[in-house]
**Q** 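The structure that follows is given in the form of structure tokens.
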Amino acid sequence: MTDSTTTVSDVAARAAAAARPFAATSPADRGAALVAVADALDAHAGELITIAMRETGLTEARLTGELKRTSWQLRLFADTIVDGAYLDARIDDADPAYVIGPRPDVRRVLEPVGPVLNFAASNFPFAFSVAGGDSAAALAVGCPVVVKAHSGHPELSRRTAAIVAEALEGAGMPTGVFQLIEGQQNGVALLQDERIRAGAFTGSTHVGRLLADVAAARPRPIPFYGELGSVNPVYATYADAELLQGFVASVAGSAGQLCTKPGFLFVPADADLSAVAPAAGGVAEHRLLNPGIGRAFEGRRAAVLGAEGVTVLAEGEVREDEGGQRHATPTVVAVGLDTLRAHREELLEESFGPLSVIVRYTDAEELPAVHEELFPGNLTSTVHARAAELADGSLDALVDALAATSGRVLFGGWPTGVAVTPAMQHGGPYPATTTDATSVGTAGITRFLRGVAYQNAPQELLPAPLRDDNPWRVPQTRSAAGRSAEWGSFAR
């Protein structure tokens, strides 16, 4: 909260009061405001990174890159909205001679849904937190944002929020456009408030499902975009030392606390896995984000190591320091496909930390069915194969299965490291997300927009993007009267 006397209702009221004025700001003005926020974050980088290192245990290099990504995605959203094409403004002029009957004047545009509640993530204290992608996308299209701070980095959340709010105010945006709250109860109470019109979340499957159910149980349900768990399976037709070293590096990056970490690697049964141990042994220990995540990983690791039929390739370790923080090194185990199926309850759950399972298979033709059976929803799935195998059609069924169950299908490389680009899809079928959309890339703005059509409306009552004088100078797709006779050739 901004102070001890501010209530959840006060926060919701300010966001609701800002909604219409903020929606009425032009794309150019909002774009300039996003750039102002990006500039302010960059100007305070040293201060913010120092706080983040202390609260999260992440390295200076990792946090420096993440903050750069955060300011970059703000500028990318500014570039995306500034010309107004995202509004998809469509105008159908009245046409008394329309082929299926007289047509009224109908004009459609995408409008902001209203105040958005964003639950910040723990593992990306910049890019998926206070000023991260969900906040940037909602602000870009004109939605007031309330961020529920993550308890893992409270000081960083407060300082970032103050910087963002000051930059938005300095850019002339309405009061109440950006606010921060803290505490689980406050987050749930605000999600239940009728003035909140959409929710966004990045975190565990358990918490995400609870919040999604709250959003759905409201008298007026609202869309809830939750990014939950994902094990991101990788399928390889070979397993040489280079592939295994790349795999371990991806598993170990940021102590395995990435939503795109490869949780399973499928390799031929006769693959030589001797390169795993030295690759894992060369990774220094890394602090886990907070004591809760450390305890959860410790328990998850024990369950995997205790499962019947597991072969330990790299045991790793978890060490608790005097402050209750856990520090971990990579754990990698191998199982046969039959063992994975027989012990799915112990093995299939996501391990949020530096742990992964290598699965030996004997028949590649089984893999599509295996994937559909065991991995119904993923942020990513990956194929490592030789060029001839990709070209001869032998992997077509597997690729089809991956595309049907994953938001992003990779060929070569590793899924950690999500590029912030217009074409990126960071989502996937449940349980990867509650609603299959993207929280990375410019398509993320579509989550916070809704279509509204105006029929026979006077010019003075139309929103700016639909008026004939087009004051915002946005692209308009127009179906003029008298053209209907030229259409309909397929209906003849």
Side-chain angles (χ1 to χ4, degrees), residues 73 118-119 121-124 127-128 132-134 137 198-213 215-216 223-235 250-251 253-254 256-266 344 347-352 356-357 359 367-384 395 397-448:
Q73 65 191 4
N118 176 20
F119 290 82
S122 64
N123 60 335
F124 281 87
F128 281 86
D134 290 331
F201 170 85
T202 300
S204 71
T205 300
H206 174 68
V207 174
R209 270 304 305 266
L210 290 175
L211 294 174
D213 290 346
F224 184 83
Y225 299 98
E227 181 198 313
L228 312 181
S230 183
V231 296
N232 310 301
V234 177
Y235 298 90
S250 187
V251 170
S254 296
Q257 300 169 116
L258 301 174
C259 52
T260 52
K261 183 202 74 180
F264 292 87
L265 170 63
F266 287 75
R344 63 184 70 192
L347 297 174
L348 283 181
E349 183 181 338
E350 179 186 15
S351 298
F352 192 70
S356 191
V357 179
V359 184
L367 294 180
V370 168
H371 178 83
E372 292 171 344
E373 173 191 354
L374 300 180
F375 307 111
N378 315 276
L379 293 172
T380 76
S381 293
T382 302
V383 176
H384 280 269
L395 296 175
L398 175 61
V399 173
D400 286 346
L402 305 188
T405 57
S406 311
R408 178 164 55 114
V409 181
L410 294 82
F411 296 87
W414 300 98
T416 43
V418 182
V420 182
T421 68
M424 180 51 64
Q425 174 68 24
H426 188 66
Y430 183 85
T433 60
T434 55
T435 303
D436 194 353
T438 184
S439 59
V440 177
T442 57
I445 64 175
T446 62
R447 296 170 296 162
F448 307 120

**Q** Measuring only between side-chain heavy atoms, which start at C-beta, is V357 closer than 4.5 Å to V359?
**A** yes

**Q** Would you please say whether a donor-acceptor pair under 3.5 Å links the side chains of N232 and T260?
**A** no

**Q** In Å, rounded to the nearest 0.5 Å, how long is the span from OH of Y225 to CZ of F119?
**A** 15.5 Å

**Q** Answer whether the closest heavy-atom distance between the side chains of P415 and T382 falls below 4.5 Å.
**A** yes

**Q** Using 0.5 Å steps for rounding, measure from the OG atom of S351 to the CZ atom of F264.
**A** 7.0 Å

**Q** Tell me the closest heavy-atom pair linking P431 and P376, and the distance in Å.
**A** CD-CG, 4.3 Å

**Q** Which side-chain N or O atoms in residues 198-206 pair as donor and acceptor under 3.5 Å with protein atoms at least two apart or in another chain?
**A**
unit_1 : atom_1 : unit_2 : atom_2 : d
S204   : OG     : V207   : N      : 3.2
T205   : OG1    : G229   : N      : 3.1

**Q** Measuring only between side-chain heavy atoms, which start at C-beta, is T380 closer than 4.5 Å to L410?
**A** yes

**Q** Quick one: pull up CD in Q73 and CE in M424 and give me the separation to the nearest 0.5 Å.
**A** 12.0 Å

**Q** Just by distance, do the side chain of D436 and the backbone of T433 share a donor-acceptor pair under 3.5 Å?
**A** no

**Q** With side-chain hydrogen bond (donor to acceptor under 3.5 Å, both in side chains) as the rule and sequence neighbours excluded, what pairs involving residues 416-431 come up?
**A** R209-Y430, E227-H426, S250-T416

**Q** Report yes or no: does T434 contribute a side-chain atom to a donor-acceptor pair with the main-chain N or O of F224 at less than 3.5 Å?
**A** yes

**Q** Report the C-alpha distance between L402 and Y235 in whole Å, list the side-chain angles of each, state the deciding distance to 0.1 Å, and finish with yes or no for side chain to side chain contact (heavy atoms under 4.5 Å, CB included).
**A** CA-CA 10 Å; L402 305 188; Y235 298 90; 3.7 Å; yes

**Q** How many angstroms lie between atom OG of S254 and atom NZ of K261, to the nearest 0.5 angstrom?
**A** 12.0 Å

**Q** So do the side chains of S381 and P233 get within less than 4.5 Å of each other, counting heavy atoms only?
**A** yes

**Q** Could you pull out the closest heavy-atom pair between V231 and E349, with the gap in Å?
**A** CG1-C, 4.5 Å

**Q** Within the 4.5 Å heavy-atom criterion, are F266 and V234 side-chain neighbours or not?
**A** no

**Q** Looking at CG of D400 and OG1 of T405, how far apart are the two atoms once the value is rounded to the nearest 0.5 Å?
**A** 10.5 Å

**Q** For the residue pair F128 and S122, establish whether any side-chain heavy-atom pair is separated by less than 4.5 Å.
**A** no

**Q** Centroid-to-centroid, F411 to H384, below 6.0 Å?
**A** no

**Q** Closest approach of N123 and L258, non-hydrogen atoms and distance?
**A** ND2-CA, 4.0 Å

**Q** Test your reading of the model: is there a side-chain donor-acceptor pair from S356 to the backbone of G263, 3.5 Å cut-off?
**A** yes

**Q** Of all the heavy-atom pairs spanning A401 and H371, show the shortest one and how long it is.
**A** O-CD2, 3.7 Å

**Q** Under the 3.5 angstrom rule, does the side chain of T438 hit a backbone N or O of G444 as a donor-acceptor pair?
**A** no

**Q** With rounding to the nearest 0.5 angstrom, report the CG to CD1 distance, D134 to I445.
**A** 13.0 Å

